[in-house]
Amino acid sequence: MDTTIRDLNRRIGETVTIKGWLYNRTDKGKLVFMQVRDGTGICQAVVFKRDVDEATFDAALHLPQESSLIVTGEVRADPRAPGVPGGYEIGVRSMQIVQRAEDYPITPKEHGVEFLMDNRHLWIRSTKQWALLRVRATVMRAIRSWLDNNGYVEMSTPILTPSAAEGTTNLFEVGYFDDKAYLAQTGQLYNEANIFAFGKVYCFGPTFRAEKSKTRRHLTEFWMVEPEIAWCDLDQLLEIEEQMVSHIVQTVLAENQNELKVLGRDPAKLTHIAPPFPRITYDDAIAAIKQVQAQTEDPEQKQLLDITWGMDFGAPHETALTQLYDKPLFVTGFPSAVKAFYMEPYPGRPEVCKSADLLAPEGYGEIIGGSERISDPDLLLRRIHDQGLPEEAYKWYIELRKFGSVPHSGFGLGVERTVTWICGTEHVREAIPFPRTIYRLYP
RNA sequence: UCCUCGAUAGCUCAAUGGCAGAGCAACCGGCUGUUAACCGGUAGGUUACUGGUUCGAGUCCAGUUCGAGGAGCCA
């Protein structure tokens with residue numbers, strides 16, 4: 001019966017068979033130490049010359065990295081054994097080589113970014129990438145389980161969308177028979193229709209943005225979950241967000257200790273992630289950034305932190321703000337002028353809107369953007385006109401406010417940025433199996 | 001789009017304008033506990049491309065291509 005490496009701790013003393021790939025190998029005289037991975041972990045398989053026939057020992061001695069193989073032997077606990085989780089090894093009695101790999105390009109040594117990205121189809125086998133993508137899978141599962149268990153109905157929103165509502169600079173254009181279509185950069189507008197049928201909904205899928213961004217936090221294709229809730233104001237929305245994000249983090253802590261260890265991520269940075277998250281208004285955030293700026297010695301950093309009321313935050317501002325807290329931080333009440341047309345203004349203070357960004361700690365930046373939506377059809381129409389948007393394209397969207405309009409709110413959470421933060425990783429490109437960036441469409 | 005930096009062996013990188021080098025990987029040999037092992041040996045080059053300066057260019061100059069970091073952009 002086949003066993004997985006993850007289950008070896010329950011098979012000590014038994015003879016098992018592992019099907020996998022040779023991750024690394026070293027030898028010492030009459031011993032060959034093979035690191036075998038099977039997708040669930042890495043385990044050391046020790047080939048001792050006296051325990052196997054000569055052909056098997058000779059084959060093990062010369063087996064190249066990433067060859068596929070089937071090994072059979074007795075499981076034993078040994079604190080010297082490396083691997084994931086480590087501490088267990090197999091004393092090999094027999095081995096079948098399924099395919100000898102030749103000249104596998106990625107070695108356990110250091111490599112550059114371009115080389116690794118060119119070899120992304122192979123790089124995902126490396127332990128750090130393996131760990132990141134397993135955490136990503138946990139994050140996606142935790143998102144779905146939290147929403148499903150809290151009464152949200154998953155809705156599929158379209159990826160092909162009609163004529164661009166507000167310029168095409170950030171949209172990928174595709175041919176649509178004799179017409180043009182655009183790849184969706186949000187499912188929100190459709191979800192605002194869905195809530196009137198289902199109350200609480202979410203969509204979860206890839207989104208596309210043709211931004212010419214060249215930073216560690218941008219992809220042109222990324223995954224976003226977008227819940228939308230009827231009868232929900234901004235305060236209630238923030239409570240939903242902090243509960244869901246906390247659930248995601250706690251699920252990873254419960255299920256991915258091995259992966260976090262491989263990544264060198266200190267769990268102590270995550271254990272305290274629980275409601276409530278701190279909240280700060282845009283007004284106070286500007287003041288806080290100015291204070292940090294005043295205390296900054298470095299003239300270049302001082303200039304990057306320059307900000308006046310009315311400006312949107314740049315990456316340096318977000319970083320400075322989040323370093324003041326050890327939990328994700330809500331920033332509420334952004335100027336309406338820098339936010340989307342559909343955001344509800346504050347009563348008596350129309351220059352700011354009921355919007356909230358959630359900024360991850362340690363400078364990982366915005367992981368959620370959300371807001372209360374305008375529910376009054378006349379105000380919505382005025383905002384569409386103010387921003388010079390084509391009314392015709394929004395006909396159906398405005399109509400939602402004519403047939404039983406209610407206060408409602410929603411948000412979008414970026415999966416890759418969330419994974420990057422939880423894993424303590426440098427760049428979002430490693431948080432998705434095959435990243436799409438401005439200069440990368442291969443493999 | 002802008003700023004900065006880079007491109008040399010399969011990989012990561014050295015080389016004052018003067019013989020093209022090392023480590024790792026590969027290959028051969030040694031070692032019964034390796035953790036990116038260690039030790040000895042072998043093989044491996046259109047120095048991104050185009051042009052220029054020079055007795056002589058990997059090195060200096062100009063242009064091109066590709067990449068990295070940052071900024072901008074990011075309803």
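In the text below, chain A, chain B and the rest are named by the order of the sequence lines, each starting its count at 1.
Remark: Glu372(A) engages Lys354(A) in a salt bridge (Lys or Arg N to Asp or Glu O under 4.0 Å) (not counting sequence neighbours). Qualifying side-chain hydrogen bond (donor to acceptor under 3.5 Å, both in side chains) partners for Gln293(A), counting only residues two or more places apart in sequence or in other chains: Asp306(A). Residues passing the side-chain hydrogen bond (donor to acceptor under 3.5 Å, both in side chains) test with Thr322(A): none are found, sequence neighbours excluded. Considering only residues two or more places apart in sequence or on other chains, Asp27(A) meets the salt bridge (Lys or Arg N to Asp or Glu O under 4.0 Å) condition with Arg25(A).
Heavy-atom distances to RNA chain B give each of Glu300(A) and His218(A) a nearest nucleotide, and the one nearer the 5′ end belongs to Glu300(A). With the nearest nucleotide of RNA chain B identified for both Asp27(A) and Lys339(A), Asp27(A) has the one nearer the 5' end.
Each of G29(B), C74(B), U34(B) was ranked by its minimum atom distance to the side chain of Gln44(A); first place goes to U34(B). Relative to the side chain of Arg209(A), the nucleotides C74(B), A36(B), U32(B) differ in distance, and C74(B) lies closest.
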Pairing pattern in dot-bracket form [Watson-Crick, G-U; both distances under 3.5 Å; | = partner strand] for RNA chain B: (((((((..((((....[..)))).(((((.......))))).....(((((..]....))))))))))))....

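Comment: Glu102(A) engages Arg100(A) in a salt bridge, judged by a side-chain N to carboxylate O separation of less than 4.0 angstrom. At a threshold of 4.0 Å, the pair Glu430(A)-Arg120(A) does not count as salt-bridged, since none of the basic side-chain nitrogens sits closer than that to a carboxylate oxygen.
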Can you pull every protein N or O that's under 3.5 Å from an N or O on nucleotides 5-11 of chain B?
from	atom 1	to	atom 2	distance (Å)
C11(B)	O2'	Glu110(A)	O	3.2
C11(B)	O2'	His111(A)	ND1	2.6

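At a threshold of 4.0 angstrom between heavy atoms, the contacts of Pro316(A) are confined to the sugar-phosphate backbone, with no base atom among them. Within the nucleic acid shown, Arg100(A) has no heavy atom closer than 4.0 Å to any nucleic acid atom. Across all strands shown, Tyr104(A) has no heavy atoms under 4.0 Å from either base or sugar-phosphate atoms.
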Scan the side chains in residues 83-96 of chain A for donor-acceptor partners under 3.5 Å anywhere in the protein, sequence neighbours excluded, and list what turns up.
from	atom 1	to	atom 2	distance (Å)
Glu89(A)	OE1	Gln44(A)	NE2	3.1
Glu89(A)	OE2	Arg76(A)	NE	2.8
Glu89(A)	OE2	Arg76(A)	NH2	3.1

Can I get a per-line list of side-chain donor-acceptor pairs under 3.5 Å for residues 51-66 of chain A, giving both atom names and the distance, sequence neighbours left out?
from	atom 1	to	atom 2	distance (Å)
Asp53(A)	OD1	Ala55(A)	N	3.2
Asp53(A)	OD1	Thr56(A)	N	2.8
Asp53(A)	OD1	Thr56(A)	OG1	2.9
Asp53(A)	OD2	Thr56(A)	OG1	3.4
His62(A)	ND1	Asp58(A)	O	3.1
Gln65(A)	NE2	Tyr23(A)	O	3.4
Gln65(A)	NE2	Ile106(A)	O	3.1
Glu66(A)	OE1	Arg37(A)	NH2	2.7
Glu66(A)	OE1	Arg125(A)	NH1	2.8
Glu66(A)	OE2	Arg37(A)	NE	3.3

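For the pair Arg209(A)/Phe222(A), a side-chain contact is recorded, criterion being any heavy-atom separation below 4.5 Å from C-beta on.
Taking atom CZ of Phe334(A) as the reference point, atom P of C74(B) lies 14 Å away to the nearest angstrom. Rounded to a whole Å, the CG atom of Leu61(A) is 13 Å from the C1' atom of U32(B). Atoms CD1 (Ile438(A)) and P (C66(B)) sit 12 Å apart, rounded to a whole Å. Going from atom CG of Asp78(A) over to atom P of G33(B) covers 12 Å, rounded to whole Å.
Proximity of residues 83-90 of chain A to RNA chain B (heavy atom under 4.0 angstrom from any strand atom) is restricted to Glu89(A). Less than 4.0 Å separates RNA chain B from at least one heavy atom of each of the following residues of residues 416-431 of chain A: His427(A), Arg429(A).
Interatomic distance, Ile195(A) CD1 to Ile229(A) CD1, rounded to the nearest 0.5 Å: 8.5 Å. Rounded to the nearest 0.5 Å, atoms CE (Met155(A)) and SG (Cys203(A)) are 10.5 Å apart.
The side-chain hydrogen bond (donor to acceptor under 3.5 Å, both in side chains) pairs that include a residue from residues 411-420 of chain A are Arg136(A)-Glu416(A), where partners are two or more places apart or lie in different chains. Legend: ring pair (Phe, Tyr, Trp, His ring centres under 6.0 Å) pairs involving residues 288-318 of chain A, not counting sequence neighbours, sorted by first then second residue: Tyr282(A)-Trp309(A), Tyr282(A)-Phe313(A), Phe313(A)-Phe334(A).
Among Ile289(A), Val331(A), Leu359(A), the single residue meeting the side-chain contact (heavy atoms from CB on, under 4.5 Å) criterion with Glu318(A) is Leu359(A).
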